[in-house]
Every structure is written in structure tokens, then in C-alpha cells.
> 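The structure follows.
Since we're looking at a predicted model, the values are computed, not measured. What you see below is based on every heavy atom in this structure, not just the backbone, and it leaves out hydrogens, waters and symmetry mates. Numbers here are sequence positions counted from 1.
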Amino acid sequence: MEIQIEKLGDIQSAAQKFADEMGENCVFAFYGKMGAGKTTFIKAICECLGVKDAVASPTFAIVNEYADAAGEPIYHFDFYRIKNLQEACDIGCEDYFYSGFPCFIEWPELIEELLPDDTVRVSIEVNDDESRTVTLS
């Protein structure tokens with residue numbers, strides 16, 4: 001599936017399309033260059049899922065936990081500063097990944113071998129006109 005984001009004002013409708021397509025999937029790995037909009041898109045998805053808390057990149061904490069509209073957890077990871085797989089294991093990332101609750105992961109390249117087989121890979125590409133193409137596979 002592909003979602004186009006022509007301008008920042010389109011992000012909520014794009015996030016709603018994404019949320020509508022999540023289905024039973026729980027682990028979503030977001031790939032994209034620095035500045036591609038991974039955190040911004042995850043924030044918009046969380047809002048669509050009913051998160052009322054401020055959504056921010058967990059760059060230093062590695063994982064943030066939010067509550068959806070039903071009070072269920074949503075986990076948001078940022079592995080940009082992770083030094084090795086052991087560090088990811090030490091925070092219990094696999095417990096989160098197999099919890100049955102949504103996990104949105106930034107910089108999954110750094111922990112690729114820990115991702116579940118059914119992880120949905122989400123690529124965010126910046127186009128020449130600064131629009132974004134979000135591809136789910």
C-alpha cells in the first residue's frame with residue numbers, strides 16, 4: 001500500500017488511512033532518512049488512535065509509552081542512539097514487540113534482527129517536490 005502526503009496539511013488524512021489499514025498488525029518499522037518525517041507521521045497516527053498525551057521522539061529514552069482512546073498502551077521507539085543489540089535487549093524491546101500492542105519503531109535498521117517476522121515495514125521517501133510517499137510492505 002502507498003500513501004501520498006503532498007503537504008504537511010495532508011498528514012492527518014494520511015495518518016487516518018494508515019490507522020485504518022493497521023488491522024491486527026502490531027509492529028511497524030519506519031524507515032527513512034533523517035528529516036523524512038517519521039516522528040511527525042507517528043505523532044499523527046497516534047492522534048488518530050486517540051492518544052491525548054504529547055507525542056515526541058524518544059531519542060534519549062529509547063521508548064515512550066502512550067495510551068490510546070481505550071487506555072491501551074502504544075509504544076514508540078527510537079533506536080537512533082542505540083550502540084548495540086544488547087542495549088535494545090536490556091530495555092526489553094522484545095517484550096514490547098510481542099505484547100500485542102502497537103509498536104512504532106524509528107531507526108529499525110539498528111535492531112533489524114530483533115524484529116518479529118510479521119513486522120510491517122514502512123518506508124517514508126522525500127520526493128523532489130518535498131512531498132512524501134509512505135509505502136507499507
Side-chain angles (χ1 to χ4, degrees):
M1 181 175 101
E2 218 174 72
I3 301 171
Q4 293 297 321
I5 305 172
E6 299 300 325
K7 57 190 181 308
L8 191 57
D10 298 337
I11 199 161
Q12 280 308 125
S13 62
Q16 188 61 58
K17 282 182 193 172
F18 183 97
D20 291 344
E21 294 295 323
M22 286 175 57
E24 297 298 313
N25 298 302
C26 290
V27 181
F28 300 88
F30 287 78
Y31 297 85
K33 295 179 181 177
M34 183 78 71
K38 296 179 295 293
T39 302
T40 303
F41 193 54
I42 290 170
K43 177 182 180 184
I45 295 165
C46 287
E47 289 172 1
C48 290
L49 297 174
V51 172
K52 300 292 184 217
D53 297 327
V55 175
S57 180
T59 303
F60 294 100
I62 301 176
V63 61
N64 285 345
E65 181 178 337
Y66 315 114
D68 69 12
E72 299 290 337
I74 294 174
Y75 302 111
H76 180 191
F77 296 85
D78 184 335
F79 289 110
Y80 183 74
R81 296 192 181 280
I82 202 122
K83 294 177 182 66
N84 55 54
L85 284 177
Q86 187 58 51
E87 197 174 334
C89 291
D90 288 347
I91 67 157
C93 69
E94 289 177 300
D95 292 336
Y96 292 105
F97 297 165
Y98 292 98
S99 69
F101 296 110
C103 295
F104 300 123
I105 305 166
E106 298 185 49
W107 302 103
E109 302 89 334
L110 302 173
I111 54 115
E112 195 76 40
E113 54 200 84
L114 299 177
L115 295 175
D117 292 339
D118 61 351
T119 297
V120 177
R121 282 155 172 79
V122 182
S123 172
I124 301 179
E125 297 290 327
V126 179
N127 303 313
D128 291 340
D129 63 358
E130 294 300 312
S131 66
R132 306 300 198 262
T133 301
V134 180
T135 308
L136 285 73
S137 58

> Begin from the C-alpha positions of Asn64 and Tyr75 and carry the test side chain to side chain contact (heavy atoms under 4.5 Å, CB included) through to its verdict.
CA-CA 6 Å; Asn64 285 345; Tyr75 302 111; over 6 Å; no
> Counting distance only, does the side-chain N/O of Asn127 pair as donor-acceptor with the main-chain N or O of Asp129 below 3.5 Å?
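Not at all, since once roles are kept as given, no pair shorter than 3.5 Å links the two residues.
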> Checking Glu125 now: which residues fulfil salt bridge (charged side-chain N to carboxylate O under 4.0 Å, His left out) with it, not counting sequence neighbours?
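With sequence neighbours excluded, Glu125 shows a salt bridge (charged side-chain N to carboxylate O under 4.0 Å, His left out) to no residue whatsoever.
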> Counting C-beta onward and ignoring hydrogens, is there a side-chain heavy-atom pair between Ile74 and Glu65 closer than 4.5 Å?
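When only atoms from C-beta onward are counted, Glu65 and Ile74 do not touch, as no gap falls below 4.5 Å.
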> If the condition is ring pair (Phe, Tyr, Trp, His ring centres under 6.0 Å), which residues does Tyr80 pass it with, not counting sequence neighbours?
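If we apply the ring pair (Phe, Tyr, Trp, His ring centres under 6.0 Å) test to Tyr80, skipping adjacent residues, the hits are Trp107.
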> Applying ring-ring contact (aromatic ring centres under 6.0 Å, His included), run through Phe28 and Phe30 and close with a yes or a no.
CA-CA 6 Å; Phe28 300 88; Phe30 287 78; 7.0 Å; no
> In this structure, would Val126 and Phe18 fall into the same cluster of hydrophobic residues linked by side-chain contacts under 4.5 Å?
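Per the 4.5 Å side-chain linkage, Val126 and Phe18 are not co-clustered.
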> Strictly distance-based, threshold 3.5 Å: is any side-chain N or O of Asp78 a donor or acceptor partner for the main-chain N or O of Ile105?
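No.
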> I'd like to know whether Ile3 forms a side chain to side chain contact (heavy atoms under 4.5 Å, CB included) with Arg132, so could you lay out the CA-CA distance, the side-chain angles of the two residues, the decisive distance to 0.1 Å, and finally the verdict.
CA-CA 8 Å; Ile3 301 171; Arg132 306 300 198 262; over 6 Å; no
> What heavy-atom pair brings Pro108 and Leu115 nearest, and what distance separates the two atoms?
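Scanning both residues, the minimum pair turns out to be CB-CD1, 4.1 Å.
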> Under 4.5 Å between any side-chain heavy atoms of Leu85 and Leu114, yes or no?
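Counting from C-beta outward, Leu85 and Leu114 do come under 4.5 Å.
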> Looking at CG of Leu8 and CD of Glu130, how far apart are the two atoms once the value is rounded to the nearest 0.5 Å?
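Here the rounded value is 12.0 Å.
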> Write down the atom of Lys38, the atom of Gly32, and the distance for their closest heavy-atom approach.
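Lys38 and Gly32 have their closest heavy atoms at NZ-O, 2.9 Å.
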> Could you check if a side-chain atom of Glu2 sits within less than 4.5 angstrom of a side-chain atom of Val134, using non-hydrogen atoms only?
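No, too far: nothing below the 4.5 Å cut-off.
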> Would you say the side-chain atoms of Glu87 pair up with the backbone N or O of Lys83, donor to acceptor, closer than 3.5 Å?
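The answer is yes, because a donor-acceptor pair under 3.5 Å joins these two groups.
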> Please report the C-alpha distance between Asp10 and Lys7 in whole Å, then the side-chain angles of each, then the deciding distance to 0.1 Å, and finally whether the salt bridge (charged side-chain N to carboxylate O under 4.0 Å, His left out) criterion is met.
CA-CA 6 Å; Asp10 298 337; Lys7 57 190 181 308; 3.2 Å; yes
> Is Thr40 close to Lys43 at the side-chain level, that is, under 4.5 Å between some pair of heavy atoms?
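Not touching, per the 4.5 Å side-chain cut-off.
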> Start with the C-alpha distance between Tyr31 and Ile124, add both sets of side-chain angles, then the distance that settles side chain to side chain contact (heavy atoms under 4.5 Å, CB included), and finish with yes or no.
CA-CA 6 Å; Tyr31 297 85; Ile124 301 179; over 6 Å; no
> Verify whether one side chain among Glu106 and His76 offers a donor that lies under 3.5 Å from an acceptor in the other.
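Checked: Glu106/His76 side chains pair up, N/O donor to acceptor below 3.5 Å.
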> Taking the inter-plane angle between the rings of Phe79 and Phe77 on a 0 to 90° scale, is it parallel (under 30°), tilted (30 to 60°) or perpendicular (over 60°)?
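Ring orientation, 0 to 90° scale: parallel.
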> Please check if Val63 and Phe104 belong to a single hydrophobic cluster, counting links between Ile, Leu, Val, Met, Phe, Trp and Tyr side chain heavy atoms closer than 4.5 Å.
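No; tracing contacts between hydrophobic side chains, which count when under 4.5 Å, never links both residues.
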> Looking only at side chains, do Gln4 and Ser131 share a donor and an acceptor under 3.5 Å apart?
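Result is no, nothing qualifies.
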> What is the minimum heavy-atom distance between Ala67 and Asp53, and which atoms define it?
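Where Ala67 meets Asp53 most closely, the heavy atoms are N-OD2, 4.2 Å.
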> Minimum heavy-atom separation for Thr39 to Ala56, with atom names?
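Heavy atoms of Thr39 and Ala56 come nearest at CG2-C, 4.4 Å.
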> Please table the atom pairs, donor to acceptor, closer than 3.5 Å between any side-chain atom in residues 90-98 and protein atoms at least two apart or in another chain.
residue, atom, partner, partner atom, Å
Asp90, OD1, Gln86, NE2, 2.7

> Kindly give the heavy-atom pair with the smallest separation between Ala14 and Ile5, and that separation in Å.
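Distance-wise, the nearest heavy atoms are CB-CG1, 3.5 Å.
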> Would you check if the side chain of Arg121 reaches a backbone N or O of Leu136 as a donor-acceptor pair within less than 3.5 Å?
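No: the side chain of Arg121 does not pair with the backbone of Leu136.
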> With side chain to side chain contact (heavy atoms under 4.5 Å, CB included) as the test, would you mind laying out the steps for Val122 and Val120 before giving the verdict?
CA-CA 6 Å; Val122 182; Val120 177; 4.2 Å; yes
> Look at the side-chain heavy atoms of Ile, Leu, Val, Met, Phe, Trp and Tyr, link any pair under 4.5 Å apart, and say whether Tyr66 and Phe41 land in one connected group.
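They do share one cluster, since a chain of ILVMFWY contacts under 4.5 Å joins Tyr66 to Phe41.
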> Is there a side-chain contact between Ile82 and Ile62 (heavy atoms, below 4.5 Å)?
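Side-chain contact under 4.5 Å: yes.
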